[in-house]
Every structure is written in C-alpha cells, then in structure tokens.
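I have placed the structure first, in the form of structure tokens, so that the comments after it can refer back to it.
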Number of protein chains: 2
Amino acid sequence: MQYAVLGTGVVGQTIATKLVTLGHEVRLGSRSADNPAAVEWAAAHSRGSATTFADAATFGEVVVNCLPGAVVLAVLEALAEEVGDKVLIDVSNPLDFSQGLPPTLSVCNTDSLAEQIQRALPSAKVVKALNTVNADIMVNPGLLSESTDLFLAGNDDQAKASVRSLLVEFGWRDEFIHDCGQVSTARGLEMYLLMWLNLMGATGSAHFNIHVVRADGDPPTG
Amino acid sequence: MQYAVLGTGVVGQTIATKLVTLGHEVRLGSRSADNPAAVEWAAAHSRGSATTFADAATFGEVVVNCLPGAVVLAVLEALAEEVGDKVLIDVSNPLDFSQGLPPTLSVCNTDSLAEQIQRALPSAKVVKALNTVNADIMVNPGLLSESTDLFLAGNDDQAKASVRSLLVEFGWRDEFIHDCGQVSTARGLEMYLLMWLNLMGATGSAHFNIHVVRADGDPPTG
C-alpha cells in the first residue's frame, strides 16, 4: 500500500519506519521537501521518501496524521483536495503546552480534534487510533509484558475495518481493538491523555498501556 | 471505624453496605433523616443508620462523598465545620446530563471537581478514589476475570495511605493502586469518564475495569 505520513516528529518517523518495514511505500510529508529530519529518514529507508504535505497526501492511499495538535487543523484544511475521501488515521492529540506543564487540551468535553478534522475534511474517512500509547508501543505492542488494548473512533465502518487490519499488522491483537463508535467518541480517547500523563507519572515510564478486563463469562468484543 | 457516607444512590448504598459488612459503623447522610432509601437501607443493616448530611459528617471519622456531581459543591460547602480536617474520599464524577446523552463534564481540563471540593473545604484531606469503576466493582474487584487497577489523587500522603488501606480491605491489590500525585491529577481521573463511557459502549457492560501493563522488567509501582 501507499501511505502518506504527515509529521516528521518521533510519532511520524516511528510509524513511517514501521510501514516501510512491513513492505509499504511511504511518503513522509512536512512543510518543505527539504526538511532535514525527513530527508535523513528517507535516506535510510529505500521504500520511503521525503516530500511536502500536499505531495504526500496525493501519493498516499491512506493518510496518517502524526502532526502536533497545535498545527493539525491549519495543515489539514489546506489538504482537503489531496485527502479527498481517503482514510485519514488521526494519531494526534490536542495537547496545549502554551501554559507550561502539565499540558491541557486545546479542545475537549463537547468536541474533539478528530471531530474538528472530520468537519474540516467532510469527505475524508477519519479514524482516531493509536493516540493512547507512546510511539514505541504503537508499532511494537509486544514491548509490554502482556497484551493490551487499542481503541477506534470514526463514522465509517469500512475505514475502521481497514485501520484495524493495519493495527493487526503492527502486532496488535484483533480482539483487543475496541470500536468505540462514531467520531464523537474520540472525545474520550483524547481526554484519556490526562489519565495517560497521570500513569506515566505513577509508573515512571512512557512504556505502558491499559488492558480492558471484563467480568468472567463476558463475551469478547471486537 | 466510623464512616459518613454522603449520598443514598447506588454508589452510596453499595459503599455503605460494604463498610458495615467489614464491621465499620456507617451513617448514611441525605438531605433529610427520613429519606426513604436511607431509612430502608438502615433497617437492613444493624451497624448502619440514616441521618442528615451534617449529622453523618459529624459522626464519621472519614467522610465518603458519593453524591451526584451536580449537587456535590452545594452540599459540601455547607459541611465545612463538620468535615473539618478529616479524610474526605471523593468518589463523585462531574457528569452533566442536562444536555442529554452522552453526558459531558461540568468541569475538566484546567480544573476538577476534586479540586473544587478541596478549595471549598481547605482543611479537609480530599482523596479522589474509586470514581473510575462501576459501584459493583468498587466493592468487589474480584467480579472481574483478572486483577485490575485503581488510582488515587490528593495532597496529603497520610490520607492517601489510609484510603489505600481501605481499598485493600475492599479487595483491591495494593500494588495495583496507583498514586497519581496531587489533587490536580484528579483531572485525569475524572476526564477518564468519557473513556469509561466509550468502553461501556464497546464492551456492552458496566462491569469492566482497566489494568495498567508495563514493559518487561519495569519495577512494580505503589
């Protein structure tokens, strides 16, 4: 498959590297095609290249948004034509560091970044995923001592099914990937970030995740 | 021990029943001493009685806030003298159902209900706990198929230690109770509620909880 990965930070590079390792073609998009981090990444990965946001979004059959929360909307609003009706995997979090640490969320409770993206790109099939774990865990869930869970939110069932398949390619257990429902349920996935920060503080590491445990005899979910 | 349980709903009654079962004395407080639900509960439990908020808070060595989020502040502000410098376990969630379902939070992101309580009762030792699970799970964590986790937030370490001991009495595993830090970390615990609602939808049951899984070799936390 051809993927666009938008954002050249740790999350973008980590996902892009996983995708090329799995045999996919990746264009890593940033503001300019000569972004040093992207160029360096592309030089190290034969199936990867460094390019602009617009060129990446045109190339990708699927677009993965790994941009910092603060710039997501400005970048994506300019890509409505290139993204079109593609699946847009939204990994971002609306973290606002402008008031210092700990961060707050720039949107929450009655709206979410994923919903803002869906409104800005109404034809796109936005699927919120992977935003609840550290980048290392995203692509290597086996780093943890037990199987843990991921969560999907989005309006298009077929798009969620395709993202689920990709997450299974990444090493996640299908039965531990929970479909939370429409894109509005991304509010819960994004608001979990403050809980995630609590847990990072309590455990002293970003390498953790949660597993949903049910009562004995409850049927498995998908 | 002598406990005040404020609130006669499912959470208050469930916790009050667990406390008397463990041998504690409980006064279940409500607006009036003749609240039918409280009177009926007290008639069934020899170590329990039904009384007013103020009488319960005077009697309790520890006060457990099980009130609905919308009335918490109004009730507690009137109890500053009775609560004094006691440990106040805050089980409540700032759920706002006034706009219909799904609920939103009446406070979040830059503040929390627990912080509002702490500011209203500055001498009290507020400890946020148990708000992340269904009432049945609060007092019977063994209902789930594996051990799961709880979270504490509060400014007073000794108060948190005493709440931790009570939770162990309830059946929780000490090493699975995570101290998130100061009362401000209650923001994360309360904002998790939208995630909890997602998970209830995805699993089709309120009987679930999360377990924090770490990388191999990470030391246990307390």
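Each chain gets a letter, A, B and so on, in the order the sequences are listed, and its residues count up from 1. The structure presented is a predicted model; accordingly, all values stated were derived computationally and were not measured.
- Within residues 186-196 of chain A, the residues having any heavy atom less than 4.5 Å from a heavy atom of chain B are, in residue-number order, R187(A), G188(A), L189(A), M191(A), Y192(A), L194(A), M195(A).
- Here the side chain of N65(B) pairs no donor or acceptor atom with the backbone of I89(B) at under 3.5 angstrom.
- Within the structure, the salt bridge (Lys or Arg N to Asp or Glu O under 4.0 Å) test picks out no pair touching residues 97-107 of chain A (sequence neighbours left out).
- Below 4.5 Å, heavy atoms of chain B meet no heavy atom from residues 117-140 of chain A.
- T14(A) places a side-chain N or O within donor-acceptor distance of the main-chain N or O of V10(A), the cut-off being under 3.5 Å.
- Within the 3.5 Å criterion, the main-chain N or O of I177(B) finds a donor-acceptor partner in the side chain of R164(B).
- Considering OH of Y3(B) and CD of E61(B), their distance stands at 8.0 Å, rounded to 0.5 Å.
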Would you check, one step at a time, whether the test side chain to side chain contact (heavy atoms under 4.5 Å, CB included) holds for C66(A) with L6(A)? CA-CA 6 Å; C66(A) 303; L6(A) 308 182; over 6 Å; no
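- The line from OG1 of T21(A) to CZ of F170(A) is 9.5 Å long, rounded to the nearest 0.5 Å.
- Atom CG in L28(A) sits 8.5 Å away from atom OG1 in T17(A) (nearest 0.5 Å).
- Side chain of K160(A) to main chain of L152(A): no donor-acceptor pair is present (N/O by atom type, distance under 3.5 Å, no hydrogens or angles).
- A side-chain donor from one of H24(B) and E169(B) sits under 3.5 Å from a side-chain acceptor of the other.
- Interface check for chain B: of the options L199(A), T148(A), L197(A), V213(A), the most heavy-atom pairs under 4.5 Å are formed by V213(A).
- In terms of heavy-atom pairs under 4.5 angstrom with chain A, the leader among T110(B), L143(B), V212(B), N209(B) is N209(B).
- Judged purely by distance below 3.5 Å, without hydrogens or angles, the side chains of H45(B) and Q13(B) never pair a donor atom with an acceptor atom.
- With rounding to the nearest 0.5 Å, the separation of OG in S162(B) from CG in D157(B) is 11.0 Å.
- Within residues 91-107 of chain A, the residues having any heavy atom under 4.5 Å from a heavy atom of chain B are, by residue number, T104(A), L105(A).
- No more than 12 heavy atoms of other residues, nucleotides or ligands sit less than 6.0 Å from atom CD of E40(B).
- At distances below 3.5 Å, not a single donor-acceptor pair connects side-chain atoms of K86(B) with backbone N or O atoms of V63(B).
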